[in-house]
Asks: 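Would you mind keeping the following structure in view while I ask a few things?
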Amino acid sequence: MNNKGKTINLLLILTFLLPLDVKADLNVVSKKEYYENYYYFVQPYYETIYGYKYDTYELEQKNIGIFSPQKLGSDIGEAEIIDLKRNCAIEDKNCYSFQKFWDDYKNIISNGNTISTISNNECNVSYITNRKSNSEINQYTHGCWKEENSAEIKGGNIDFNVNYNSLGMACSSVSRSADVTVESNDEYLELKIVRKPLMFNTLNIKKEVNLNSNISNCGFDKQNEVAPYRSSYDDFKYHSPILAKYTYTKTTYNCPNTKYSEKASCNNSSNISQKCGQKTITAINAQSDINYEQTGVISNIISPTKIYQGGGISIGFIYYNTLKWDFKDGTLYQREIGNTEAKKRITTEVEKTLIKTTEQFENELKNNIELSLDGISSNYMNQINNQLQVNCQRSGNVVAGETLTTICTIIMPETKLAIGTGKIDKVVASTTDGITNKIYTDLTFSGKTHLYAKLSKLNMLKVDDEEEWSISFGDDNDTSCDVDVERRLYSTSNSNKVSYNFIYRPIDVNNPFPNRNAGINWYEWWNNSYNKDRLKDSYSNGSLQYEIELNPSSIKSIKESTTIRDYYEWNEDDEKNNNKFVTDNFNIKRQNIKESGDY
Amino acid sequence: MKWSFAAAGMFLLGVIGVAVIILFQKLTTSNENDYYLLKEITEAAMYDSVDFKYYRETGELKISREKFVENFTRRYTESTLFIGSKYIISFYDIMEEPPKASIIIDTEIQNYQIYGENTKADYTVGNILTGILEFVGKNTNKNNPYIENKTITREYYSMPGISNYKINFTEPINKPSELSSNNIKNIKIKKVTYEKISNNNLIGSVLNAKMKKELDWTRSTNKEMNYENNYYEEINSNSFELKIDIDNNEIDYYNCSDNSNRSYSGTGVSCEANYSDYWIHWTGTSYGNENGSTILKLIITWEYDEYEY
């Protein structure tokens, strides 16, 4: 007899409504999880069959079991009754025997967990969960049988002098048709088992074997032999265990993040955007699908577009990111906490698991900026990359329907030049927004310098590396990232000899530039008549600035005090920041000082 | 007897002659050495005292006055033959920029008094030199070394506030960094046009404007320019006003150097305050919002003369 139950009259009192339109966005991926729950119903003692009365008519009998609720947000399931047989062929994997039922039952109560908050007929429910990647199998008990006590099937104080183990229970089990109905809500799952009326003689039991203590005579090889348990000579007991199965699925949604790798031009801006139609967020006793939209705009400037040899370039990046999310209608599920608290928990989960904090974004971006410029030593460039800072400011809150805006400025470090030599002394983190800080090309470099920059980890969502966003500048020889470097200070001969581009000339103060114009750095100065007069008066007493007398004694003193300093080393200053050598040795000093623009 | 007197006389004459020769040799040879040293040491000291830090920061050539004085003196004490008992080195009007040094070296042992009729004059023999460092340009030998009327075009962003539907913007603007060298003169704004910014480029333009404000606008902290963070909130709330009724007649420029412009009278400009010699002026009427902010991209063409390196 096929006792496969049907999900008739499924009563599903659910606190959610399934969306009528499940149309998925293009980038939404659904994932199903499969749940199989097995419920092992033991027949109460007082319902068991008196086997000696072959014409016994047993009425319909009901068992109701309360079990853990199905997973939040899961679909409506299907219930059925599993046929239990006396014997199963070894090769028949789909056959479920009485022996297997009782062995499983024994295993659940021995090794499973107990749900103390759910009890059925004075005994707690025990269960075992077996989880795989996208499926879960749960086994629940309903009843009070325990092998170590007695063959007790709960129902009052019964004196047994026969202990029935699982084998004995299997021997005294008989098949019986049953129906199962399921009521599922957010607090529990209720299964109602209805054992159908039974005429005992329809079981076609040929022989009753009195097992007493000799359980090995159960006769499993013989289909129609059973061994009832008996409490007394006249008390034969058969019982009908029922195995119910309830299967359901749970669908979750996600948007696989897209890896962006964009190329952008300098002195321009570049946009990225991403939209997710549905993503499932799960919190404690709460679940909801959300949708979100993220945009990113990064702007760059490089200025100026032409510099002189050894000059400086200003570089700036600003990144503007917006993220907006909201609950998807009709997908909020909660258990015992109410919708308001459920939304609050979902919001917390979104903030914790989905969105980078400002500090996290700053640190990640800072460690994923690569800059390089032609004509700059690798050591200097490394120092610049190490001292870059990222300063982010965020406005808005992680609240459904509200836009979270994050604006990040990449701050170029400050380069300290050594006094006099102009060498790169050190590179320090900037104390301003950095746009006026310069990166200096090598003094001997001329031609074109080209900026290469790559900024990664621009996704405001927490994603794996392969899903991150990055934008690069200066790829494919993009000329927008070029800066012309004019040869001004040094020139290189055909034999690669480097020499200054300016010259030293002794001049006649009355006619310094005979038959030609003054050079570039003298032209405007020389065109001023006051300056012409000043030049002619170069040797007047009113122009004397420094004077020193050299004699054997002073020469000796000078040589001794300056042997350790090379000519190329710059001034050793006195306490007033004046040149110490001049202070110590000159009898006339710092007189008639005029700047070049003074008249 | 007379022959012995003649021989003695010849001997004395020879000694006197040798003395004179030695005297003049001392004057010329040592003085020649000193002049040579002066010339070479001045050159070396000027090169050593070039302030490369200043050059990197400005592109201009400059020496350090006291570095030069120190370096020159040290080199001279190391190098001179020092035939005499003392030297006096005097430095006159050392100019740091453009680099010039005037030096006199006085040995003070070659002092002479020349007697004339009722006159007497003292003379000293010394060495005197003025040296300069000079960039020779491409067109130094031409009549006019400047190439005139060169132009460069740059983008600027203007982000003023709107008050009672009106925009009235007058602000000093910085010349492009490319025109900051001393070899460039006669810089003027030649032309100003504008581009409206579409919604698609709005955020990118605002970001560029924010980054460039310190580089472009002289009074970038001026609140009237409205360069404040609230611009971003306005973008978010979509109240950022782009609908500006404006045409070319309402955008103008003003050059303090020669008052050259198209039609703008210069109201609101303050050349005396020394902010900048270049001013931008524009007015407009907004649709929609009575108050708010807006952004406009200005395309400014600059004209200049350059003495090329």
Side-chain angles (χ1 to χ4, degrees), chain A residues 269 297 299 301 303-306 308 310-311 314 316 318 320 403 405 407 417-422 435-436 440 486 488-489 501-507 509 516-517 519-525 538-539 543-551 555 558-559 562 567-568 570-571 579 581-582 596, chain B residues 39 43 46 48 51-53 55-56 59-61 64 66-67 69-71 73-75 77 85-98 102 104 128-137 140-141 145 176-178 182-183 203-204 207-208 210-212 214-215 232-233 236 307 309:
Chain A
S269 56
V297 181
S299 280
I301 63 162
S303 176
T305 55
K306 181 180 175 185
Y308 46 84
S314 295
I318 289 190
Y320 178 92
T403 300
T405 303
I407 303 170
L417 300 174
I419 293 175
T421 63
I435 194 58
T436 52
Y440 294 94
E486 175 193 58
R488 182 179 291 193
L489 187 66
N501 229 11
F502 55 89
I503 59 172
Y504 161 79
R505 278 195 323 111
I507 59 168
V509 297
R516 67 171 178 87
N517 292 303
I520 295 174
N521 59 325
W522 279 90
Y523 189 88
E524 292 301 318
W525 189 89
S538 288
Y539 296 102
S543 297
L544 176 64
Q545 294 178 336
Y546 301 85
E547 190 170 274
I548 184 172
E549 179 180 313
L550 297 180
N551 52 47
I555 287 175
I558 286 169
K559 284 183 179 178
T562 59
Y567 293 133
Y568 304 109
W570 272 69
N571 307 3
N579 185 298
F581 178 88
V582 171
S596 62
Chain B
K39 181 168 167 290
E43 179 179 3
M46 288 195 85
D48 283 348
D51 189 343
F52 288 100
K53 177 173 184 283
Y55 166 78
R56 271 193 186 267
E60 307 301 335
L61 192 61
S64 165
E66 295 203 349
K67 169 72 175 173
V69 167
E70 175 194 346
N71 205 297
T73 306
R74 286 176 59 196
R75 282 180 179 273
T77 56
S85 60
K86 69 175 178 181
Y87 289 84
I88 294 178
I89 304 177
S90 305
F91 299 89
Y92 291 81
D93 196 22
I94 298 174
M95 283 173 22
E96 292 187 330
E97 184 187 5
S102 298
I104 295 179
I128 185 170
L129 180 79
T130 295
I132 65 170
L133 295 180
E134 182 186 21
F135 276 117
V136 178
T140 299
N141 294 322
S177 302
E178 292 89 336
N182 288 344
N183 66 316
I203 295 175
L207 298 182
N208 276 335
K210 177 177 165 59
M211 277 194 288
K212 294 183 70 184
E214 275 185 73
L215 300 176
Y232 300 101
E233 292 171 10
N236 291 335
Y307 190 163
Y309 281 84

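In what follows, chains are A, B, ... by sequence order, proteins preceding strands, each numbered from 1. Worth knowing before you read on, the calculation uses all heavy atoms, side chains too, and leaves out hydrogens, waters and symmetry mates.
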Asks: Can you check whether A:Gly311's main-chain N or O pairs, donor with acceptor, with B:Arg56's side chain at less than 3.5 Å?
Replies: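 No, B:Arg56 side chain to A:Gly311 backbone: no donor-acceptor pair under 3.5 Å.
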Asks: With no hydrogens and no angle check, is any side-chain donor or acceptor of A:Arg505 less than 3.5 Å from a backbone partner on B:Ile132?
Replies: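 No, A:Arg505 side chain to B:Ile132 backbone: no donor-acceptor pair under 3.5 Å.
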Asks: Might you point out which heavy atoms bring B:Pro98 and A:Trp522 nearest each other, and give the distance in Å?
Replies: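 Heavy atoms only, the tightest pair is CB-CE2, 3.4 Å.
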Asks: Any chance the side chains of A:Tyr523 and B:Thr140 put a donor and an acceptor closer than 3.5 Å?
Replies: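 There is no such pair between these side chains.
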Asks: If you measure only the distance, is there a donor-acceptor pair under 3.5 Å linking the side chains of B:Glu66 and A:Tyr546?
Replies: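 Per modelled atom types, B:Glu66 and A:Tyr546 side chains form a pair under 3.5 Å.
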Asks: Find out whether A:Glu524 and B:Asn182 are in side-chain contact, i.e. whether some heavy atom of one side chain is under 4.5 Å from a heavy atom of the other.
Replies: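 Result no, sub-4.5 Å side-chain heavy-atom pair not found.
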Asks: Is there a side-chain contact between A:Glu547 and B:Ile89 in this structure, where contact means two heavy atoms from C-beta onward sitting under 4.5 Å apart?
Replies: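 They are not in contact (no side-chain heavy atoms under 4.5 Å apart), so the answer is no.
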Asks: How far does CD1 of A:Ile301 sit from NZ of B:Lys210, to the nearest 0.5 angstrom?
Replies: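 It comes to 11.5 Å.
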Asks: Count the heavy-atom pairs under 4.5 Å between each of B:Ser177, B:Gly137, B:Gly59 and chain A, then report the option with the highest count.
Replies: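 If we count pairs closer than 4.5 Å to chain A, B:Gly59 comes out on top.
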Asks: Select, from A:Ser269, A:Pro506, A:Gly420, A:Gly316, the one with the greatest count of heavy-atom pairs under 4.5 Å involving chain B.
Replies: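 Option with the greatest count: A:Gly420.
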Asks: Below 4.5 Å, heavy atoms only, C-beta onward: do A:Asn501 and B:Val136 meet side chain to side chain?
Replies: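 A side-chain contact under 4.5 Å is absent here.
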Asks: Give, for atom CD of B:Glu214 and atom OG of A:Ser314, the distance between the pair rounded to the nearest 0.5 Å.
Replies: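 Between B:Glu214 CD and A:Ser314 OG, I get 10.0 Å after rounding to 0.5 Å.
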Asks: Please round to the nearest 0.5 Å and tell me the distance separating atom CG of A:Leu417 and atom CG of B:Asp51.
Replies: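 Output value for this atom pair is 10.0 Å.
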Asks: Count the heavy-atom pairs under 4.5 Å between each of B:Lys39, B:Lys53, B:Met46 and chain A, then report the option with the highest count.
Replies: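 Winner by heavy-atom pair count: B:Lys53.
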Asks: Counting distance only, does the side-chain N/O of A:Ser299 pair as donor-acceptor with the main-chain N or O of B:Gly204 below 3.5 Å?
Replies: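 Between the backbone of B:Gly204 and the side chain of A:Ser299 there is a qualifying donor-acceptor contact (under 3.5 Å).
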Asks: With heavy-atom distances below 4.5 Å as the criterion, would you say the side chains of A:Ile548 and B:Tyr87 are in contact?
Replies: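 They are not in contact (no side-chain heavy atoms under 4.5 Å apart), so the answer is no.
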Asks: Carefully, step by step, assess B:Leu133 and A:Ile503 under the rule side-chain contact (heavy atoms from CB on, under 4.5 Å).
Replies: CA-CA 6 Å; B:Leu133 295 180; A:Ile503 59 172; over 6 Å; no
Asks: Decide side-chain contact (heavy atoms from CB on, under 4.5 Å) for B:Asn141 and A:Asn517; before the verdict, give the C-alpha distance in whole Å, the side-chain angles of both, and the deciding distance to 0.1 Å.
Replies: CA-CA 6 Å; B:Asn141 294 322; A:Asn517 292 303; over 6 Å; no
Asks: Would you say the ring centroid of A:Tyr308 lies under 6.0 angstrom from that of B:Tyr309?
Replies: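 Judged by ring-centre distance (under 6.0 Å), A:Tyr308 and B:Tyr309 do not meet the cut-off.
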Asks: Treating A:Asn521 as the side-chain partner and B:Phe135 as the backbone partner, does any N or O pair qualify as donor plus acceptor under 3.5 Å?
Replies: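 Here the side-chain-to-backbone pair exists.
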Asks: Determine whether B:Leu215 and A:Thr436 make a side-chain contact, defined as any pair of heavy atoms from C-beta on separated by less than 4.5 Å.
Replies: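 A side-chain contact exists here, since the closest heavy-atom pair is under 4.5 Å.
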Asks: At what distance, to the nearest 0.5 angstrom, does CG of B:Leu207 lie from CD1 of A:Ile407?
Replies: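 Between atom CG of B:Leu207 and atom CD1 of A:Ile407 there are 7.0 Å.
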Asks: Does the side chain of A:Trp525 come within less than 4.5 Å of B:Met95's, by heavy atoms?
Replies: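 B:Met95 reaches A:Trp525 side chain to side chain.
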Asks: Taking all non-hydrogen atoms of both residues, which atom of A:Ser538 and which atom of B:Tyr92 are closest, and how far apart?
Replies: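 Heavy atoms of A:Ser538 and B:Tyr92 come nearest at O-CB, 3.0 Å.
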Asks: Do B:Glu178 and A:Thr305 get their side chains close enough for a donor-acceptor pair, meaning under 3.5 Å?
Replies: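 Side-chain D/A pair, B:Glu178 to A:Thr305: present.
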Asks: A quick test of your reading: do over 12 heavy atoms of other residues, nucleotides or ligands sit less than 6.0 Å from CD1 of A:Ile419?
Replies: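 No.
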Asks: Need one label for A:Glu549: side chain, backbone, both or neither, based on atoms under 4.5 Å from any heavy atom in chain B.
Replies: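 Contact with chain B is through both the backbone and side chain of A:Glu549.
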Asks: So which atom in B:Ser90 and which in A:Leu544 form the shortest heavy-atom distance, rounded to 0.1 Å?
Replies: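 Heavy-atom minimum between the residues: CB-CD1, 3.8 Å.
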Asks: Can you tell me which portion of A:Val297 sits under 4.5 Å from chain B's heavy atoms? Options are side chain, backbone, both or neither.
Replies: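 Both backbone and side chain of A:Val297 come within 4.5 Å of chain B.
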Asks: Checking heavy atoms, do the side chain of B:Pro145, its backbone, both or neither come under 4.5 Å from chain A?
Replies: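 Backbone plus side chain of B:Pro145, per the 4.5 Å heavy-atom cut-off to chain A.
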Asks: Do B:Phe52 and A:Leu489 have side chains that get closer than 4.5 Å, going by heavy atoms?
Replies: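 Yes, at least one pair of side-chain atoms sits under 4.5 Å.
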Asks: Name the option with the most non-hydrogen atom pairs under 4.5 Å to chain A; the candidates are B:Leu129, B:Ile104, B:Asn183.
Replies: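 The residue among B:Leu129, B:Ile104, B:Asn183 with the greatest pair count is B:Leu129.
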Asks: Do B:Glu134 and A:Tyr504 make a side-chain contact, defined as non-hydrogen atoms from C-beta onward lying under 4.5 Å apart?
Replies: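 No; the side chains remain at least 4.5 Å from each other.
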Asks: Indicate yes or no for a side-chain donor-acceptor contact from A:Gln545 to the backbone of B:Ile94 under 3.5 Å, with no hydrogens or angles considered.
Replies: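 The answer is yes, because a donor-acceptor pair under 3.5 Å joins these two groups.
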